[in-house]
Amino acid sequence: MIQLLPDHIANQIAAGEVVQRPASVVKELLENAVDAGATAVSIVAKDAGRTLLQVVDNGCGMSPTDARMAFERHATSKIHTMDDLNTIRTFGFRGEALASIAAVAEVDLRTRAKEDETGVQLVINGSEVKIQQPVACDKGTSIAVRNLFFNVPARRKFLKSDAIELKHIVAEFQRVALCHPEVALKLIHNNTELYNLPVSNLRQRIVNFMGKEINQQLIDIHVSTSLVNIKGFVGKPESAKRTAGNQYFFVNDRYFKSPYFQKAVINAYEHLLPEQTFPTFFIYFELPPDKIDVNIHPAKVEVKFEDEPVIFQMLNAVVRESLGKFAVVPSLDFDQEGAPEIPVLRKGVIPKSPEVTIDRTFNPFHEEQQQTVPPNWRKLYDGLPTHNATFESDFPEETPQQTTLEILPGVERTGIQLKGRYLITTVKSGLMIIDGQRAQQRILYERFLNKLENHLHETQQEIFPQTVELAPVDYTLLETVLEDLKQLGYDIRPFGNSTVVVNGLPSGLPAMDVKEMLDVLLHDLHEQTDSWKEQRQRKLAESLAKASGYRTEQLNQEQAQVLIDALFACQSPIITPDGKPTLQMISMDEIDKKFLR
Ligand code: ADP
Ligand code: MG
């Protein structure tokens with residue numbers, strides 16, 4: 001009993017591939033508008049696209065017959081023969097998008113071709129044409145997509161929070177915006193204008209989208225060969241971020257992802273990048289369409305290149321050369337960081353023996369002092385030289401719970417800091433190597449989580465107020481956590497126009513770059529999934545711990561010791577909140593073995 005599926009069912013099944021979420025609709029409609037030669041496109045969304053997505057363009061428009069045809073599956077004006085596929089320059093060519101969208105939503109299309117006097121209106125609900133009539137409208141096309149997935153409840157249920165769906169919409173918008181500066185683009189969500197990008201050159205478009213401060217960070221790159229043209233911008237090393245968010249590749253005005261080419265760029269920076277940072281780049285490839293394979297899955301963003309290794313070399317070379325041209329190479333030497341200071345000996349001058357000064361009032365984690373230390377932490381310290389004699393006379397009022405102080409004068413123990421990152425200390429069973437940054441993440445995480453879970457207010461330290469300009473989406477996202485942040489001692493307030501002013505930070509934190517802190521936090525907020533809702537406090541504490549940690553700061557002896565103590569006062573001292581080890585042990589056995597004893 002084999003039957004052909006009726007069209008509306010076939011369309012709905014096909015729609016599953018093309019339309020996963022509101023952002024897919026934005027992608028398809030925006031691409032159609034650009035393909036239609038529009039010079040201005042506006043997108044209006046309501047409730048992150050659930051209720052309404054409308055795209056209005058001033059492109060070529062459609063005749064009534066074409067408008068009707070456009071909703072048939074495999075109906076396209078963009079290719080006619082197999083050969084056309086090799087010269088394709090448009091985003092679309094499969095002729096599936098409109099048919100798919102109309103299968104799972106209520107669509108209202110109004111369009112007029114420039115040679116026509118009147119336009120046509122088409123209303124289609126779940127593949128069924130309800131209205132087709134002449135209408136007065138501007139040249140171009142306007143498509144309103146309402147109640148997406150109204151007839152696919154399962155899909156509708158699987159949509160994420162508005163914040164997440166909007167984030168996906170912005171991502172699609174961005175991918176088109178960053179490679180079509182010749183098209184004016186507007187994005188409006190719930191009556192708020194999120195982006196209004198005028199026609200401009202490429203650099204201006206990037207700056208308009210990403211924010212003013214990126215302008216002076218961008219270094220031009222361009223190379224032209226018979227095989228490929230590469231142009232765009234790479235960020236100066238010092239503008240590298242702690243997250244890999246600002247990395248974009250485009251080929252023939254189409255966004256794509258490529259870990260392979262990414263490596264070519266990062267290699268070009270070599271040791272110029274501070275550790276654990278990611279360079280910013282916007283790189284555009286132009287090459288004959290038959291040298292790349294665009295015939296990929298509609299939702300995927302990989303592109304296959306014919307001469308990948310050669311392009312890899314060219315890309316690497318052009319980035320390297322541009323970085324060098326801007327003389328950034330000799331001015332930076334990150335290898336010096338964390339190296340021991342070796343005093344220069346001069347004739348006749350007898351070097352003084354180094355003095356160790358300890359500021360006994362300094363304790364960035366004074367909160368942790370009160371915490372009880374897990375019973376087995378001591379094992380790690382067994383066998384260390386003791387300082388009880390001097391110690392007791394120094395602190396006569398010492399009480400037994402203040403265990404952190406007991407091991408404080410540990411000058412010999414935490415003698416070594418490696419590359420500003422690792423603290424090395426001896427313990428009875430061998431060597432313990434602690435990752436300072438991760439240790440701090442663990443400490444801050446438990447401290448923040450404790451405050452959030454028990455509704456306690458973290459003490460705050462006022463800082464010189466700092467304003468930070470955010471992208472509108474980032475701003476809306478940040479607003480959702482301002483109350484929690486306040487409780488944790490981050491005093492951040494709206495300041496109008498997507499700007500916030502930071503007045504205070506939790507007390508006892510290492511000095512931090514506020515902008516960078518927000519960057520990391522926002523990156524995590526953008527990544528939030530459903531689990532965020534359930535484990536909101538845990539996730540927020542985790543993200544803030546990561547965002548507020550120091551990078552490769554030099555700790556003095558005492559600070560190092562306080563950090564180690566605070567770490568072992570934690571409930572789970574040996575892993576970070578996201579499960580990475582905070583420390584490694586090298587046992588005496590292993591050491592002996594290396595010496596062939
Ligand atoms: P594809 O883009 O792959 O051709 P679509 O389903 O997205 O398939 O669109 C089908 C056809 O409808 C396009 O080939 C084009 O001719 C026409 N079309 C769609 N959107 C527009 C628009 N905004 N302006 C003019 N024509 C359009
Ligand atoms: Mg299309």
Side-chain angles (χ1 to χ4, degrees), residues 22-46 48-49 52-60 90-91 138-144 165-218 220 231-233 235 245-256 280-284 286 301 468-478 496-499 522 526:
S24 331
V25 175
V26 170
K27 172 180 189 281
E28 296 298 339
L29 297 186
L30 195 50
E31 291 184 351
N32 278 349
V34 174
D35 283 349
T39 56
V41 185
S42 305
I43 301 167
V44 177
K46 289 233 158 69
L52 171 74
L53 278 170
Q54 182 170 24
V55 176
V56 183
D57 71 53
N58 64 354
C60 64
T90 54
F91 279 114
D138 288 338
K139 178 208 142 201
T141 304
S142 155
I143 301 191
E165 294 302 337
L166 181 61
K167 177 207 129 185
H168 286 285
I169 289 176
V170 171
E172 294 296 351
F173 179 79
Q174 179 177 28
R175 289 170 180 186
V176 174
L178 288 180
C179 61
H180 286 283
E182 78 286 1
V183 182
L185 289 167
K186 224 188 254 186
L187 176 60
I188 296 162
H189 180 245
N190 289 348
N191 300 322
T192 307
E193 188 177 274
L194 294 184
Y195 293 94
N196 186 353
L197 310 169
V199 173
S200 60
N201 66 28
L202 192 52
R203 181 185 271 265
Q204 283 164 340
R205 172 55 61 90
I206 292 172
V207 171
N208 284 337
F209 196 97
M210 311 296 297
K212 283 198 283 296
E213 69 270 34
I214 204 167
N215 196 19
Q216 70 275 20
Q217 300 168 3
L218 298 180
D220 251 296
K231 63 169 184 178
F233 306 94
N246 276 352
Q247 306 190 333
Y248 300 91
F249 286 124
F250 301 89
V251 57
N252 294 353
D253 296 334
R254 176 195 294 268
Y255 171 84
F256 74 103
T280 296
F281 59 80
F282 305 86
I283 294 175
Y284 301 77
E286 279 288 331
V301 284
V468 181
E469 202 188 308
L470 300 171
V473 249
D474 286 347
Y475 180 80
T476 18
L477 212 49
L478 188 65
N497 273 339
S498 301
T499 302
L522 281 164
H526 274 300

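What you see is a predicted model; the values in this text were computed from it and never measured. For the numbers below, each heavy atom of this structure counts, side chains included, while hydrogens, waters and symmetry mates do not.
- We find the CD1-CD distance between I206 and Q204 to be 11.0 Å, quoted to the nearest 0.5 Å.
- Nearest heavy atoms, L53 versus P22: CD1-O, 3.4 Å.
- D57 places no side-chain N or O within donor-acceptor distance of the main-chain N or O of G140, the cut-off being under 3.5 Å.
- In this structure, F209 and F173 have tilted ring planes: the angle between them lies in the 30° to 60° band.
- Pairing each heavy atom of S498 with each of P472, the nearest pair is OG-CA, 3.5 Å.
- Looking at residues two or more places apart in sequence or on another chain, you find no salt bridge (Lys or Arg N to Asp or Glu O under 4.0 Å) involving E182.
- Applying the 6.0 Å contact sphere to NZ of K139 captures more than 12 heavy atoms from other residues, nucleotides or ligands.
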### Query
Run the side-chain contact (heavy atoms from CB on, under 4.5 Å) check on Y195 and V473 step by step: do they pass?
CA-CA 9 Å; Y195 293 94; V473 249; 3.2 Å; yes
### Task
Tell me, with the steps shown, if K231 and L202 meet side-chain contact (heavy atoms from CB on, under 4.5 Å).
CA-CA 10 Å; K231 63 169 184 178; L202 192 52; 4.3 Å; yes
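- Under the 4.5 Å side-chain criterion, counting only non-hydrogen atoms from C-beta, E286 is in contact with N252.
- Although no hydrogens or angles enter the test, the distance criterion places no donor-acceptor pair under 3.5 Å between the side chain of R205 and the main chain of C179.
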### Pair L178-Y284, side-chain contact (heavy atoms from CB on, under 4.5 Å): steps then yes or no
CA-CA 10 Å; L178 288 180; Y284 301 77; 4.1 Å; yes
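- Between A48 and I169, the closest heavy-atom pair is O-CD1, 3.5 Å.
- Between the NZ atom in K186 and the CG atom in L194 there is a gap of 12.5 Å [rounded to 0.5 Å].
- I188 places none of its side-chain heavy atoms less than 4.5 Å from the side chain of S42.
- Here the closest heavy-atom approach between residue Q54 and residue S142 is recorded as NE2-OG, 3.2 Å.
- Atom-to-atom distance recorded for E469:CD and T499:OG1 is 5.0 Å, nearest 0.5 angstrom.
- Counting only distance, with no hydrogens or angles, the side chain of R254 and the backbone of T90 share a donor-acceptor pair below 3.5 Å.
- A donor-acceptor contact shorter than 3.5 Å links the side chain of N58 to the backbone of A40.
- Once rounded to the nearest 0.5 Å, the distance linking CD of E28 with CD of E172 reads 8.5 Å.
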### Task
For side-chain contact (heavy atoms from CB on, under 4.5 Å), just list the numbers for M210 and Q174, CA-CA rounded to whole Å, side-chain angles, deciding distance to a tenth of an Å, and then say yes or no.
CA-CA 10 Å; M210 311 296 297; Q174 179 177 28; 3.6 Å; yes
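- Atoms CG and CD1, on L185 and I43 in that order, are 7.0 Å from each other to the nearest 0.5 Å.
- Of the residues I283, I214, D220, the one that meets the side-chain contact (heavy atoms from CB on, under 4.5 Å) test with F233 is D220.
- Residues F256 and F250 share a closest heavy-atom pair of CE2-C, 3.5 Å.
- With V183 as the fixed residue, the side-chain contact (heavy atoms from CB on, under 4.5 Å) test singles out one of V41, L30, T39: V41.
- Taking 4.5 Å as the limit, every side-chain heavy atom of V26 sits out of range of all side-chain heavy atoms of L187.
- Between atom CZ of residue R175 and atom CZ of residue F91 there is a gap of 11.0 Å, rounded to the nearest 0.5 Å.
- For D35, the salt bridge (Lys or Arg N to Asp or Glu O under 4.0 Å) partners are K78, not counting sequence neighbours.
- In this structure, F281 and F249 have tilted ring planes: the angle between them lies in the 30° to 60° band.
- N201 places a side-chain N or O within 3.5 Å of a backbone atom of R203 that can act as its donor or acceptor partner.
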